[in-house]
Amino acid sequence: LPWETMPDEELAKSYLKSFYNFREDNGSAVRRALSPLSQKLSEMQRFFGLEITGTLDPATLEVMRKPRCGVPDGKISAFS
Amino acid sequence: IFGDNLKWQKKNLTYRWVDPHRRLRPAVLLGEDPIENYSPDMSQAEVDQSIEMALQVWAGVTPLRFSRVFSGTADIMVSFGRQSHGDLYPFDGPQGTLAHAFAPAPGIGGDAHFDEDELFTFRSEEGQCPHLDAGVPETLGGAPEPVCAATGYVLFLVAAHEFGHSLGLSHSSDPGALMFPIYTHSNPDSFVLPQDDVRGIQSLYGPNPEGPLGPGPEPPTTPDACDSKLVLDAVTTLRGEIYFFKGRFLWRRHTQSSIPQQSLIANFWPGAPDEIDAAVERRSSDRVFLFKDRQVWAFRGYDLVAGYPKSISSFGLPGAVKKVDAALLDEESGKMLFFVDRMLYSYDEATETLEPGFPQRVDRTFPDILGRVTAAFEYRGFAYIYSGPVMFEYSLGSKRLFRLLDNSYFLTCT
């Protein structure tokens, strides 16, 4: 789907999979204080200087919808 | 830079245009020359010039030198491709991802790929988006359009960013840097590599031994909210947030959050000027006005209001006024105050005329302000008036001075 027509959560998951190595099911049974989605959102928010909420707030969505370079911010060297 | 300190071990690098699909076919690798692949959006000459200019951005500040080859495998293979294009990192169609590149390494390392589903251009006039310049009707609202999507992304800017990766730079979290991952529109003719990028690339390769080719502008830096000497260009409220302007940048801070978020003005309002003189919100009509020289821009949300920019005379200011230093609107009384040099003008929103008795000296209304006013805004019945890095807090009703503060009171240093 084009980015602008994706539901917000789907957009966020797709974005975080592309640029923050987000995996929906990591197979871990350990109870986490923060969901993997929330952790990755926090990572992204920290990089962009957004308020770190771990939630999909309007400012975070706004950044996700902007045109950008396709190289992941976190695992960039994995390309090579 | 990349975590593994990836960089080229040589100073002379080659580049070449190539179709990535063909490159991966064994027959091609065994000797059949690939077909050169150009963007359908631009002429071959424009693509060539964009790529050469993008490489020169990096050559200008390092010992690196680039030469183009027309056959065989170059260090930096450049291509346009769409969707799955042979590297296991498919593109996503229009918008979203514009391009990607690989860190220095043999093989695919250093290569740069551009998403053919995007509309690339050589340049856009005046570094702005022509489709936004005409303005939109005031009744239109909704989500912002992607920056310059209708007129295309400047290939030079995208390529210069990607070649930063090709040479060993990772993404920067400095929103003013070329290596910031979000596309920012600017005029290629006046582009100067920002300081953050210069420091990054020179940490890998050192400076250009030939020095700068001539006197040129200094690399632009990004303003720091923690700088105690910071003098803001303008401050305004906007839909429950406070916006602080400096150069090409703004910080926005929600009044219930202590963390300001820094962006480029161009990322908010592609048609807005940089280095504005003043800004003011009129909440009753949901507009924010940005002043620069003798012009004023009005925005509603992300959209330029039809008919703007206009002359500042539309606020009753006489022709002798060349620029406004600061502005604030007292919604309670309906008076818009303009600070011009040491003088104060009061514009009555109801009658749409300047109030009688104005202009008058600023210190007649605000007796403690003896220096030039640099920014001002209204918040919860108080006027916050900046003179350099100092901020005066006045009650708008009584004009009584309450406190002397500094930038960090609202624009927190994080």
Side-chain angles (χ1 to χ4, degrees), chain A residues 1-25 34 37-80, chain B residues 2-6 87 89-110 113 115 118 143-149 153 158 161-162 164-165 169-175 179-184 251-254 257-263 267 414:
Chain A
L1 282 171
W3 291 74
E4 62 268 30
T5 57
M6 273 190 187
D8 291 350
E9 193 171 329
E10 288 307 306
L11 164 68
K13 285 178 180 172
S14 171
Y15 184 96
L16 295 172
K17 280 176 190 169
S18 296
F19 304 120
Y20 287 86
N21 199 28
F22 169 63
R23 297 191 179 108
E24 278 191 81
D25 181 12
L34 210 56
L37 180 66
S38 200
Q39 284 180 346
K40 290 295 178 186
L41 276 172
S42 301
E43 197 179 320
M44 180 242 173
Q45 289 163 338
R46 187 174 301 112
F47 179 86
F48 284 102
L50 301 167
E51 188 175 4
I52 301 168
T53 61
T55 58
L56 199 53
D57 51 56
T60 305
L61 270 170
E62 193 177 290
V63 171
M64 287 178 169
R65 288 204 172 97
K66 286 181 176 168
R68 57 159 291 156
C69 169
V71 180
D73 299 322
K75 300 284 180 185
I76 199 161
S77 57
F79 272 114
S80 62
Chain B
F2 296 110
D4 303 329
N5 204 27
L6 295 165
D87 64 2
Y89 297 96
F91 283 130
D92 54 0
Q95 314 298 343
T97 297
L98 308 180
H100 58 218
F102 296 83
I108 202 167
H113 301 162
D115 187 350
E118 310 299 343
E145 286 184 39
V147 178
C148 283
Y153 300 105
V158 180
H161 173 102
E162 297 308 328
H165 292 312
L169 290 186
S170 179
H171 278 150
S172 170
S173 58
D174 177 345
M179 295 312 294
F180 192 63
I182 291 175
Y183 176 84
T184 302
W251 288 270
R252 59 187 294 197
R253 206 204 106 182
H254 195 278
S257 163
S258 61
I259 304 168
Q261 178 194 336
Q262 192 177 35
S263 326
N267 278 348
T414 51

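No experiment lies behind these values; they were computed from the predicted model shown. Numbers restart at 1 for each chain; the letters A, B, ... are given by sequence-line order, proteins then strands.
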> In terms of heavy-atom proximity below 4.5 Å to chain A, should Ser263(B) be classed as side chain, backbone, both, or neither?
Replying inline: neither

> So, for Val71(A) and His171(B), which heavy atoms are closest and what is the spacing to 0.1 Å?
Replying inline: O-CE1, 2.9 Å

>> For a quick test of reading the model, state the closest non-hydrogen atom pair linking Thr97(B) to Cys69(A) and the distance between them.
In response: CG2-C, 4.4 Å

>> For a 4.5 angstrom cut-off between non-hydrogen side-chain atoms, does Tyr89(B) reach Ser18(A)?
In response: no

> Shortest non-hydrogen contact from Pro181(B) to Asp73(A)?
Replying inline: CG-OD1, 3.5 Å

>> Only pairs of heavy atoms separated by less than 4.5 Å count here; which of Asp174(B), Ile259(B), Ile182(B) has the most with chain A?
In response: Ile182(B)

> Between Arg68(A) and Glu118(B), is there a side-chain N and carboxylate O pair less than 4.0 Å apart?
Replying inline: no

>> So for Pro106(B), is it side chain, backbone, both, or neither that comes closer than 4.5 Å to the heavy atoms of chain A?
In response: neither

>> Can you confirm whether Ser173(B) sits close enough to Phe48(A) that some side-chain heavy atom of one is under 4.5 Å from a side-chain heavy atom of the other?
In response: no

>> Rounded at 0.5 Å granularity, tell me how far NZ in Lys66(A) sits from CD in Gln95(B).
In response: 13.5 Å

>> Using heavy-atom distances under 4.5 Å, tell me whether Phe91(B) contacts chain A through its side chain, its backbone, both, or neither.
In response: neither

> Atom CG of Leu50(A) and atom CD of Gln262(B): how far apart are they, to the nearest 0.5 Å?
Replying inline: 12.0 Å

> Between CG of Asn267(B) and CD of Glu62(A), what distance do you get to the nearest 0.5 Å?
Replying inline: 9.0 Å

>> Between Arg252(B) and Glu51(A), is the salt bridge (charged side-chain N to carboxylate O under 4.0 Å, His left out) condition met? List the steps.
In response: CA-CA 11 Å; Arg252(B) 59 187 294 197; Glu51(A) 188 175 4; over 6 Å; no

